[in-house]
There are 2 protein chains.
Amino acid sequence: MIETRLLRSFLVVADELHFGRAATRLHLTQPPLTRQIQQLEGDLGDVALFDRTRRQIALTQAGQAFVVEARRILDQLAHAVDRTQRVARGESGRLRIGFISTANYSVLPGLLKAFASRFPDVEVELLESTGDEQARLLADGILDAGLLIASDPVPDLESLPLYREPLVAVLPRSSPLASRTGTMAVKPLRAEPFVLFPRVLAPSLYDKIIAYTEKAGFSPYVAQEARQMQTIIGLVAGGLGVSIVPACMQNLRRDDVVYQRLSPKAPEITTFLVWRADRSSSVLESFLEHCRPLAKTSPKRVRAKR
Amino acid sequence: MIETRLLRSFLVVADELHFGRAATRLHLTQPPLTRQIQQLEGDLGDVALFDRTRRQIALTQAGQAFVVEARRILDQLAHAVDRTQRVARGESGRLRIGFISTANYSVLPGLLKAFASRFPDVEVELLESTGDEQARLLADGILDAGLLIASDPVPDLESLPLYREPLVAVLPRSSPLASRTGTMAVKPLRAEPFVLFPRVLAPSLYDKIIAYTEKAGFSPYVAQEARQMQTIIGLVAGGLGVSIVPACMQNLRRDDVVYQRLSPKAPEITTFLVWRADRSSSVLESFLEHCRPLAKTSPKRVRAKR
DNA sequence: TCTCGATCATACCCAAAGCGTATCAAACAG
DNA sequence: CTGTTTGATACGCTTTGGGTATGATCGAGA
């Protein structure tokens, strides 16, 4: 089998066209170098790489061809070492991140943009999914990290709170309930039909909304269900009802809807980054390092920012 | 330095994910294999390729990246061996061939087509040139072989006669000298202006033409010189004169010229393949082997064919 | 929880591979 | 024709790498 040592030696001999000088450059003496080339020629099937009939040796055509190939192989090897080291350092590789749709309007875009500029060789794969589904995909090793809304720590997963936001009401712009101040009371929503997502998709968020309205004395009448936030807001715009959504959805600006802060103060929800403590790859480690400074430990900091 | 032995072992371990089984496949025992992987990880800069914390070892992300790279390197190596052997066998490589313009109308096209179909991986480089120039380029090692017209063996070169042909007259179709039979006497050309090439370009052919006309009792009056056969025939077509050219030029068919066999019998010329005996590369060897069956040893065989 | 089997790591020894010194053989310059 | 240069060969020795024995650790099952 041809070892890289033979390739290295061959390239130096091919460069010097002189066994003695080549041996010096390789920090060895001439006889072993001669044997190396002989062995290489043998391994290639007794192909003559050099023409030694005269005093000055010369590359045969086969030798010239092999120079090109050998150089390519050693380049490839150097590249392999570099790439592997970068993957080990978490500077290169693949990162699979799950996220709930609202993250697309809050932390996700900025997070990815900043991370991509710091780690340009990391290929990020995104998968929109519910919180429960993400937990399952993390357990199965399909995902490296997830972005989801939670109140309690997710079992078996590490987590980092990234974003706190209140819930807000969303109404058709034509609705008489829409106020100039941007704030409205919850109570009047009692009479409105609601557009909401099916509870299974995000039970904790769903229950928070229901608990909030029930504290105000009513259970919302869900006139229409939709699975995605964008769709919910589209249906609100179409006049099918009102809804209560995370504040970040205000980033989805539409002329035909208005968002309203609620009083009494609507509950806040937190978007967490979650991952498995036991399966930390270097790329994930890089990503976590990148995210940690962005953690929102206290709700006050979020308030201050607004 | 990373040897291919380490790459081979690594790929088997990565495939089996089990040191013991991998060692069996590699025809060695487990401890040295463990050391090989340790050495490989050390050579990569203490990068962990496998996760050995659990019973079942697993590839790290760096390990996964290195699998791809290592496989590529070994593939490249196999390809290098194959290609080098093919070059050594003369099945691949580059062949630089010089030729005189008339060869383009006689042996060259067929020769190259047949050779290319037998040796598809040989890259043939063509260089149109005079006979003397070809001899010089062969001596300098620029050319591997040449196609030229000669009467005497070229000094320091091996040669193989490939094509024998008589000289023929070429006249404007409108010329009253053009006969129906396709044969004409030389004598009437005495009164015609000639289009010929400068003597330096092909002294032996030039002298043959002059000797022939002088035997018929005249020296041609060269009204116009041109370096290329196509141009000479073009000028004949344009009515600037007549000429005497190798018979193969009849392959350059034009409505406005006619070719005529000459009487008394015009001298024959031979196109030779020439090469340096001392610089025979394998590709050249293949080419010579391909050409030898085409050699025309006796003029009779050529005659017989017509 | 404890034990045992499976599996990778380590220690140590030996054989093979590879390097160095000495020398030979051939080619070329003078 | 001779001496010098240069690649090839011979042989001894060091180093490398593989084998055997054994240790350490993890996990399955009692």
Side-chain angles (χ1 to χ4, degrees), chain A residues 1-44 46-60 62-63 66-67 139 141 156 276-280, chain B residues 1-44 46-60 62-63 66-67 141 156 276-279:
Chain A
M1 278 304 141
I2 296 175
E3 296 299 330
T4 59
R5 177 174 49 92
L6 300 182
L7 300 184
R8 285 175 230 281
S9 297
F10 167 70
L11 285 180
V12 175
V13 176
D15 188 42
E16 293 282 349
L17 290 178
H18 188 291
F19 279 72
R21 284 196 299 277
T24 309
R25 262 178 62 182
L26 289 162
H27 304 296
L28 45 81
T29 57
Q30 171 259 318
L33 182 56
T34 292
R35 281 199 303 270
Q36 283 188 20
I37 302 300
Q38 286 171 343
Q39 189 191 333
L40 182 59
E41 291 176 325
D43 289 347
L44 283 166
D46 289 317
V47 167
L49 295 172
F50 293 98
D51 180 7
R52 294 120 154 145
T53 54
R54 299 179 226 188
R55 188 93 158 250
Q56 171 84 338
I57 62 169
L59 281 164
T60 61
F66 197 63
V67 164
D156 303 326
R276 274 172 64 174
D278 57 333
R279 255 185 73 89
S280 86
Chain B
M1 276 304 140
I2 297 175
E3 296 300 330
T4 58
R5 177 175 49 92
L6 300 182
L7 301 184
R8 286 176 229 281
S9 297
F10 167 71
L11 284 181
V12 175
V13 177
D15 189 41
E16 293 283 349
L17 290 179
H18 188 291
F19 279 73
R21 283 196 300 275
T24 309
R25 261 178 63 180
L26 289 163
H27 304 294
L28 44 81
T29 56
Q30 170 260 318
L33 182 56
T34 293
R35 280 201 304 268
Q36 283 188 21
I37 301 301
Q38 286 172 343
Q39 188 191 333
L40 181 58
E41 290 176 325
D43 289 347
L44 283 166
D46 289 319
V47 167
L49 295 172
F50 293 98
D51 180 5
R52 295 124 156 141
T53 53
R54 298 177 227 187
R55 188 88 160 254
Q56 172 84 338
I57 62 169
L59 280 165
T60 61
F66 197 63
V67 163
D156 302 327
R276 275 173 63 176
D278 58 333
R279 255 184 72 89

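Reminder, nothing fancy here: chain letters follow the sequence lines and each chain counts from 1.
A donor-acceptor distance shorter than 3.5 angstrom exists from the side chain of Glu3(A) to the backbone of Thr4(B), with no hydrogens or angles considered. Counting only distance, with no hydrogens or angles, the side chain of Gln36(A) and the backbone of Phe10(A) share no donor-acceptor pair below 3.5 Å. Here the side chain of Gln30(A) pairs no donor or acceptor atom with the backbone of Gly20(A) at under 3.5 angstrom.
The phosphate of dC19(C) has OP1 or OP2 within less than 4.0 Å of a side-chain N or O from Arg5(A). An OP1 or OP2 oxygen of dA27(C) is reached within less than 4.0 angstrom by no side-chain nitrogen or oxygen of Gln56(A). At least one side-chain nitrogen or oxygen of Thr34(B) sits closer than 4.0 Å to the OP1 or OP2 atom of dA9(C). The shortest distance between the side-chain N/O atoms of Gln30(B) and the OP1/OP2 oxygens of dG18(D) is not below 4.0 Å.
In this structure, the CD atom of Gln38(A) is 14 Å from the C1' atom of dT6(D), given to the nearest Å. Distance Leu33(B) CG to dT10(C) C1': 15 Å, rounded to the nearest Å. Residue Ile57(A) contributes atom CD1, which lies 13 Å from atom C1' of dA8(D) at whole-angstrom precision. One can place CZ of Arg21(B) at 13 Å from P of dA6(C), the figure rounded to the nearest angstrom. Between Phe19(A) atom CZ and dT6(D) atom C1' there is a gap of 10 Å when expressed in whole angstrom units. Note: CZ (Arg55(A)) to C1' (dA29(C)) measures 7 Å, nearest angstrom. Following rounding to the nearest Å, Glu16(B) (CD) and dT7(C) (P) show an atom-to-atom distance of 12 Å. The separation between Asp51(A) atom CG and dA27(C) atom P is 12 Å, rounded to whole Å.
Closest to the side chain of Arg35(B), out of dC19(C), dA11(C), dA9(C), is dA11(C). Nearest to the side-chain atoms of Pro31(A) among the listed nucleotides dA22(C), dT5(D), dG20(C) stands dA22(C). The side chain of His18(B) approaches dT7(C) more closely than any other nucleotide in the set dA8(D), dT7(C), dA9(C).
Nearest-nucleotide positions on DNA chain C place Pro32(B) closer to the 5' end than the other of Pro32(B) and Pro32(A).
In this structure, CG on Asp46(A) lies 11.0 Å from CD on Gln38(A), to the nearest 0.5 angstrom. One finds the CG atom of Leu40(A) at 14.5 Å from the CZ atom of Arg35(A) (value rounded to the nearest 0.5 Å).
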